[in-house]
Amino acid sequence: MARAFDVQEIEQKWQRLWADEGSYQVDADDPRPAQYVLCMYPYPSGPAHQGHVRNYTFGDLLVRHRTMQGFGVLSPFGFDSFGLPAENAAIRTGTHPRTFTEERIAELKASVVALGAVYDWRREIRSHDPSYMRWNQVIFLRLLEAGLAYRAMAPVNWCPGCQTVLANEQVLTDGTCERSGDVVIQRDLEQWFFRITSYADELLADLETLDWPERVKSMQRNWVGRSEGVEFDLQVVGHGPEGGIMKVFTTRPDTSFGMTYAVVAPEHPLVDIITTDAQRAAVDEVRTSAARVTEHERMSTEVEGQSLAKRGAFTGGYVVNPFTGKEIPVYVADYVLMRYGTGAIMAVPAEDERDWDFAHAYGLPVVRTTRPPEGFEGKAWTGDGLKENSGFLDGLDVATAKERAIEWLETAGLGRRTVNYRLRDWLVSRQRFWGCPIPIVYCLDHGAVGVPEDQLPVLAPDDVEFLPTGESPLTRHPTFRHTTCPVCRGPAVRETDTMDTFVDSSWYFLRFCDPWSEDRPFDPAAAEHFMPVDQYIGGIEHAILHLLYARFYTRALIDVGLAPGVPREPFRRLFTQGMIRLDHKKMSKSKGNLVAPTKYFDTVGADALRLFHLFAGPPAEDMDWSAQTEEIIEGCARFLDRVWRLTVETGDTSWRDGGPNQSDVALSRSVHRLIAKVSEDMERWSFNTSVAACMEFTNELRRYRGDDAGVHRPTYDAAADALLLLLAPMTPHMTAEAWERRHGAGARLHAQSWPSYDPDLARAERVTMIVQVNGKLRDRIEVNPDIDESEAIALALASQRVREELQGLEPTRIVARPPRMVNIVR
RNA sequence: GCCCGGAUGGCGGAAUGGUAGACGCGGGGGCCUCAAAAGCCCCUGUCCUUCGGGGCGUGUGGGUUCGAAUCCCACUCCGGGCACCA
């Protein structure tokens, strides 16, 4: 399509100028009030895709808008450059992951620049850069000193496809790896963990203070999974009080009188002690089969359908229910998990569905302790009701009975109130090469010892062989592993695991505040100046993983003294953009359904593509890339052509001398209304309606210019300038060029202040009052906006249409909302 | 099962209790042109119409209200999260 201006020339010119003039460089001593606008730093996977474009268009709009509003806006960019794809590429092609990654970074950076997004590039971070790795490792050691990092043997999620362990957060609900799709299996390995569970309560409670999407907060709440209850002791029959105590956790102590049996996890240490010879074979079978399947299979409901009988067994042992004093049988079953609570439960079949099913499969007694509502036909009743068959709890409601039961247990010295979490500690070890090495050496005498800070960063050697073995290539390197113990100088071996790349992304936003620091991760004063991030923008896919880890890490850094003065919540406002779908699937590189932005840069231009993303719909909602999309993008380009003709090609306009006439005043009023509308819409992220308002105004301006009476130049110029100022954050190249042509060489649109408006002028001069009869629209009357109620009613009753409807009858009621509406009720 | 979203013309969407469908795409008609492209102008929910206008219409069924796409109750369908977590 033939364009009104040379798109590519103009876009490249301004991209160069923004970089050369350092227009968006901001320092910690900037006198303007600080704002921190950040898009989640990307994994460099090659040229930008439409998801990036959408993300950075929103971010760039905010940066430019807030800069025009007078803020010193910190807008940094970086790359989450460690990660699996680069290493897999190395195994496939032999190219070193660094080479591969740096090529992808160059591609992504080029397309971000081509989009016209502006950043303080002096602050660029790459997580594989030794200067970043060094502080990543220093932080690890500080967490170790503070007891927030530890090493433990643990059953871990092992992905056969990725040949590494995964964090719980990386295993999908169907038990597969989020990356490879392989079924994740359990293995016991010595691994490094971060003690995120110490912060469980705080991470949960502080969610309430955040201006985040409710959806994300609710996902994090679910993930932390707090449940309040009580932990108490059951005496094992035939064993002394020393050896024979079985601890159970319950959230329903009010149901204790209905505890007719108990269940322990197959891995529970008591199993060996209480199992009788007669039952040993059956118990062993349960234990073996539980160990064989994945945790997910063990938890899945399909197994339940097969046969409950194979999933549990009587141990032959008994414990005493302290509430009833009765002996009850102890079963072993795989539905009880060793890692949650105490690994043992009291079973109350009448008030718990799993216990009900199990009790019925094994013929165990059921005693109701909560009276279900009249006519309840179901199995277990888990709702509220009056207690029965419950001794001193009889007649109480569930909540009160819980309290009494806990008090009784505490008084008797049998138990204590406690809280359990679903959240596990964060497993950070990865058996991969392309990540930040864990800075630890192992000495026979001194165990795991941190590498001294003056020897950091620990860098992996380049001369390694990439093979799909499941171990880091570092383990087979001839020299890397062998070192000396920092304590005794004796021989020691290095840790060859690297850190989860989510560690890198858990503090990069802090490093951005001061990426130049050479003696600490960042200057706390600079971090205090910019933090928290005022607006964080990214995809919903990070709702749990990255956002939870970063919240934890910020707190940990404050608590180990590295970030004094920094707020504990790093991201004040979060915006999660909708994803882009093609053929009902998420558009992504791995699905191979990308529509590359590059072709649009080369044709309609970045401005038109940006405008499309802003105009297409609400930013938070998913968007379908459809057959119509190309046509809408063309429409956006056409709109920009019209703006160009109206603001730059004003040569053949017939200017008129003298003062403003009626239509000039009307146009000025429209300008003020437009500024008001766009300003408000930007604040509430309603970019699609901002664009629509500008389009509407452009139509009006075009009609005004075509007026036979001639055009009043000052009025016209003010309108054209206002339009360019309002579009400046959305379509920066074309508007910057138009501004310079209107105001002379060196004029800079984006250095202008955001336009203000006069509320009196922004009010419409005449408004359309609607007149309803019985709530149905019957007439429209043009009225003065400050018309009062009696005038409005008089006008409405005088209406010909209304008189016809009334047919001489007196209205029974009149509701007037001047100047918008009068409703006459017959 | 529980929790969070969502459903409006042919399509993307707008409307924060007061004109449903702004704006754009697509479609139809016209102007300009030798012609085309570009540009410009008009029409475009649906049914009825004596061409004045009228009926119907925001997933379904109720309710509140002078008035409901919007608020409440009960559903249906779609998307997402959590789920033998005691």
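Treat the numbers as computed from the prediction; the structure is a model and nothing was measured.
Proximity of A:Ser218 to the phosphate of B:C82: no side-chain N or O atom is located under 4.0 Å from OP1 or OP2. The phosphate of B:C56 (OP1 or OP2) has a side-chain N or O of A:Lys776 nearer than 4.0 angstrom. Distances shown here put a side-chain N or O of A:Asn699 below 4.0 Å from the OP1 or OP2 atom of B:G24. At B:C25, one or more side-chain N or O atoms of A:Arg638 fall inside 4.0 Å of OP1 or OP2 (strictly under the cut-off). At B:A38, none of the side-chain N or O atoms of A:Arg3 fall inside 4.0 Å of OP1 or OP2 (strictly under the cut-off). Dashed line: the shortest gap from a side-chain N or O of A:Arg642 to OP1 or OP2 of B:C40 is under 4.0 Å.
The residue A:Pro618 sits close only to the backbone: its heavy atoms come under 4.0 Å of sugar-phosphate atoms, none of a base. Counting any heavy atom pair closer than 4.0 Å across all strands shown, A:Arg645 reaches sugar-phosphate atoms only and no base atom. Counting non-hydrogen atoms under 4.0 angstrom, A:Thr629 reaches nothing in the nucleic acid. Base contact: A:Asn823 has a heavy atom under 4.0 Å from a base atom. Across all strands shown, A:Glu696 has heavy atoms under 4.0 Å from sugar-phosphate atoms exclusively, and none from any base. Contact annotation for A:Gly635: backbone-only contact, meaning every heavy-atom pair under 4.0 Å involves sugar-phosphate atoms and none involves a base. Using a 4.0 Å heavy-atom criterion, one finds that A:Arg703 contacts no nucleic acid atom at all. A:Thr251 comes within 4.0 angstrom of sugar-phosphate atoms only, judged by non-hydrogen atoms across all strands, and of no base. Using a 4.0 Å heavy-atom cutoff across all strands shown, A:Arg801 reaches sugar-phosphate atoms only and no base atom.
The CD1 atom of A:Ile770 sits 13.0 Å away from atom NZ of A:Lys776, with the distance rounded to the nearest 0.5 Å.
With C1' as the reference atom, B:C66 and B:G54 are 22 Å apart, rounded to whole Å. Distance noted for atom C1' between B:U44 and B:C23: 15 Å (whole Å). Taking atom C1' on both nucleotides, B:G9 is separated from B:C31 by 29 Å, rounded to a whole Å. Using atom P as the reference point in both B:U46 and B:C40, the two lie 26 Å apart (nearest Å). Comparing B:U76 with B:G59, their C1' atoms are spaced 7 Å from each other, to the whole Å. To the nearest whole angstrom, the two P atoms, one in B:U60 and one in B:U49, are 27 Å apart. If you take atom C1' in B:G55 and the same atom in B:G62, they sit 23 Å apart, rounded to whole Å. Across the P atoms, B:G24 and B:A15 are found 16 Å apart, a figure rounded to whole Å.
The two residues A:Ala405 and A:Pro253 make their nearest non-hydrogen contact at CB-O, 3.6 Å. Residue A:Thr342 comes nearest to A:Phe249 through the heavy atom pair OG1-N, 3.5 Å, listed as atom of the first residue, atom of the second, then distance. In this structure, A:Ile787 and A:Pro819 approach most closely via the heavy-atom pair CG2-CB, 3.6 Å.
When both distances must be under 3.5 Å, the Watson-Crick or G-U wobble mate of B:C23 is B:G12. Remark: B:G52 base-pairs with no nucleotide in the shown strands. Criterion, Watson-Crick or G-U wobble with two distances under 3.5 Å. When both pairing distances are held under 3.5 Å, B:A86 makes no Watson-Crick or G-U pair with any nucleotide shown. Under the Watson-Crick or G-U wobble criterion, with both distances below 3.5 Å, B:G39 is paired with B:C31. With a cut-off of 3.5 Å on both Watson-Crick or G-U wobble distances, the partner of B:C75 is given as B:G59.
One can find a donor-acceptor pair under 3.5 Å joining the base of B:C11 and the side-chain atoms of A:Gln628. Taking only distance into account, the side chain of A:Arg339 meets the base of B:C85 through a donor-acceptor pair shorter than 3.5 Å.
A side-chain donor-acceptor contact under 3.5 Å links A:Tyr600 and A:Glu630.
Ion pairing between a basic and an acidic side chain is recognised when a charged N comes within 4.0 Å of a carboxylate O; A:Glu782 and A:Arg766 show no such pairing. With respect to the salt-bridge test (charged N to carboxylate O, under 4.0 angstrom), the residues A:Arg226 and A:Glu228 qualify.
In the set B:G26, B:A86, B:U19, the nucleotide with an atom closest to the side chain of A:Glu631 is B:G26. Listed nucleotides B:G24, B:A14, B:A86 differ in distance to A:Leu337; the shortest reach to its side chain belongs to B:A86. Residue A:Arg215 places its side chain closer to B:G80 than to any other of B:G80, B:G81, B:G55. Considering only side-chain atoms of A:Gln772, the nucleotide from B:C4, B:C85, B:G18 that sits closest is B:G18. Closest to the side chain of A:Met219, from the set B:G81, B:C41, B:G13, is B:G81. Side-chain atoms of A:Ala692 lie closest to B:A22 of the nucleotides B:C25, B:A22, B:C85. The side chain of A:Ile770 lies closest to B:U19 when the candidates are B:C66, B:G81, B:U19.
At whole-Å resolution of the value, CD in A:Glu621 and C1' in B:G79 are 11 Å apart. Between the CZ atom of A:Arg817 and the C1' atom of B:G17 there is a distance of 10 Å, given to the nearest Å. The interatomic distance linking A:Asp334 (CG) with B:C85 (C1') rounds to 14 Å, in whole Å. Rounded to whole Å, the distance from OH on A:Tyr340 to C1' on B:C82 is 13 Å. The distance from atom CG of A:Leu614 to atom C1' of B:G24 is 14 Å, rounded to the nearest whole Å. Separating the CG atom of A:Asp641 from the C1' atom of B:A38 is a distance of 10 Å, rounded to the nearest angstrom. We find that CG of A:Asn774 is positioned 12 Å from P of B:A68, with the value rounded to whole Å. Put simply, CD on A:Glu700 is 12 Å from P on B:C23, counting in whole angstrom units.
Here A:Phe358 and A:Tyr335 bring their ring centres to under 6.0 angstrom of each other.
Here B:G26 is in the anti range [glycosidic angle more than 90° from 0]. Applying the 90° criterion around 0 to the glycosidic angle, B:G55 comes out anti.
Relative orientation of the A:Tyr549 and A:Trp426 rings is parallel, given thresholds of 30° and 60° on the angle between their planes. Using bins of under 30°, 30° to 60° and over 60° for the plane-to-plane angle, the ring pair A:His360/A:Trp356 lands in the parallel bin.
The nearest heavy atom of RNA chain B to A:Met821 and to A:Thr250 marks one nucleotide each, and the one closer to the 5' end goes with A:Met821. In terms of position on RNA chain B, the residue among A:Tyr421 and A:Gly775 whose nearest nucleotide sits closer to the 5' end is A:Gly775.
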